[in-house]
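Read the structure below first, then the notes.
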Amino acid sequence: MAKYVLFAFNSIMLGVGLAMDAFSVSLANGFIEPEMKRKRKAYIAGIYAGFQFLMPVIGWFLVHNAAELFSGFQKFIPWIALGLLSFIGGKMIKEAIEEKKCSEDGNCKECTNKECPRCGLDPNTNKLDLKCLMVQGVATSIDALSVGFTIADYKTVMALGASFIIGIVTFIICYIGLKLGNKFGTKLASNAKIVGGVILIGIGLEIFISSFL
């Protein structure tokens with residue numbers, strides 16, 4: 001029982017950590033589309049959640065099959081998990097610190113941040129088109145591909161279950177992010193990414209330490 005509780009907890013925490021990039025983008029999207037309806041919020045959050053589900057599955061499939069071919073490789077998985085999650089978490093924290101330099105008053109004319117969602121804003125409809133949302137979905141979930149490596153020892157059902165939980169958590173967090181963006185703009189974005197980075201580093205340490213217990 002404790003094993004499944006830990007599995008669910010780790011999956012949720014992975015989802016929270018990985019969703020912080022998408023949460024930050026959701027805040028920005030909500031800010032630039034203040035009249036966004038519930039249906040559109042669910043639509044955008046669903047795009048991000050879909051990619052966050054898909055990426056770990058792809059990563060797990062590739063690495064799981066490689067690990068089965070090279071069984072001796074299994075003992076290195078905790079080390080690689082620690083390295084990857086620490087790298088991803090550190091990268092998120094670094095990006096968050098850099099993003100704090102962005103203007104907080106909504107005036108983006110002088111901004112040079114090409115990854116900001118405003119760069120894909122359609123001036124005619126004042127909305128982000130599907131192409132831009134898909135690019136955001138890939139960009140905010142690419143780190144989740146590496147997470148497939150950290151769950152390489154999972155069986156198929158567990159891997160799909162973990163990815164599904166990650167996707168659900170992402171959907172909820174992004175939907176909340178869109179609503180908060182409507183009200184508060186992007187002021188919470190950088191702090192959210194710092195929290196996400198710390199969580200991912202913590203999960204990496206937990207996987208590494210538990211492998212010796």
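- Within a 6.0 Å radius of CZ in Phe7, more than 12 heavy atoms belonging to other residues, nucleotides or ligands are found.
- Side-chain contact between Tyr154 and Leu160 is absent, with no heavy atoms from C-beta onward closer than 4.5 Å.
- In this structure, CD1 in Ile166 is found 10.0 Å from CG in Asn10, a value given to the nearest 0.5 Å.
- Here the shortest heavy-atom pairing between Ala144 and Gln52 reads CB-OE1, 3.3 Å.
- At a threshold of 4.5 Å between non-hydrogen side-chain atoms, the residues Met55 and Val147 do not count as touching.
- Here OG1 of Thr170 is found 11.5 Å from CD1 of Ile165. Values are rounded to the nearest 0.5 Å.
- By the 4.5 Å heavy-atom criterion applied to side chains, Tyr175 and Arg38 are counted as neighbours.
- Using a 4.5 Å cut-off on side-chain heavy atoms (C-beta onward), Leu133 and Ile44 make contact.
- Here the closest non-hydrogen pair linking Leu130 and Tyr43 is CD1-OH, 3.0 Å.
- With rounding to the nearest 0.5 Å, the separation of CD in Gln136 from OG in Ser141 is 11.5 Å.
- Considering CZ of Phe9 and CG of Leu14, their distance stands at 10.0 Å, rounded to 0.5 Å.
- Note: the hydrophobic cluster containing Val169 does not contain Leu6 (ILVMFWY, side chain heavy atoms under 4.5 Å, direct or indirect links).
- Shortest non-hydrogen contact noted between Ala19 and Ile173 is CB-CD1, 3.9 Å.
- Looking at Leu178, Val16, Leu180 one by one, the single match for side chain to side chain contact (heavy atoms under 4.5 Å, CB included) with Phe23 turns out to be Leu180.
- Across all their heavy atoms, Gly90 and Ile201 have their closest contact at N-CD1, 4.0 Å.
- Between Met158 atom CE and Ser163 atom OG the span is 11.5 Å, to the nearest 0.5 Å.
- With rounding to the nearest 0.5 Å, the separation of CG in Leu145 from CZ in Phe51 is 12.5 Å.
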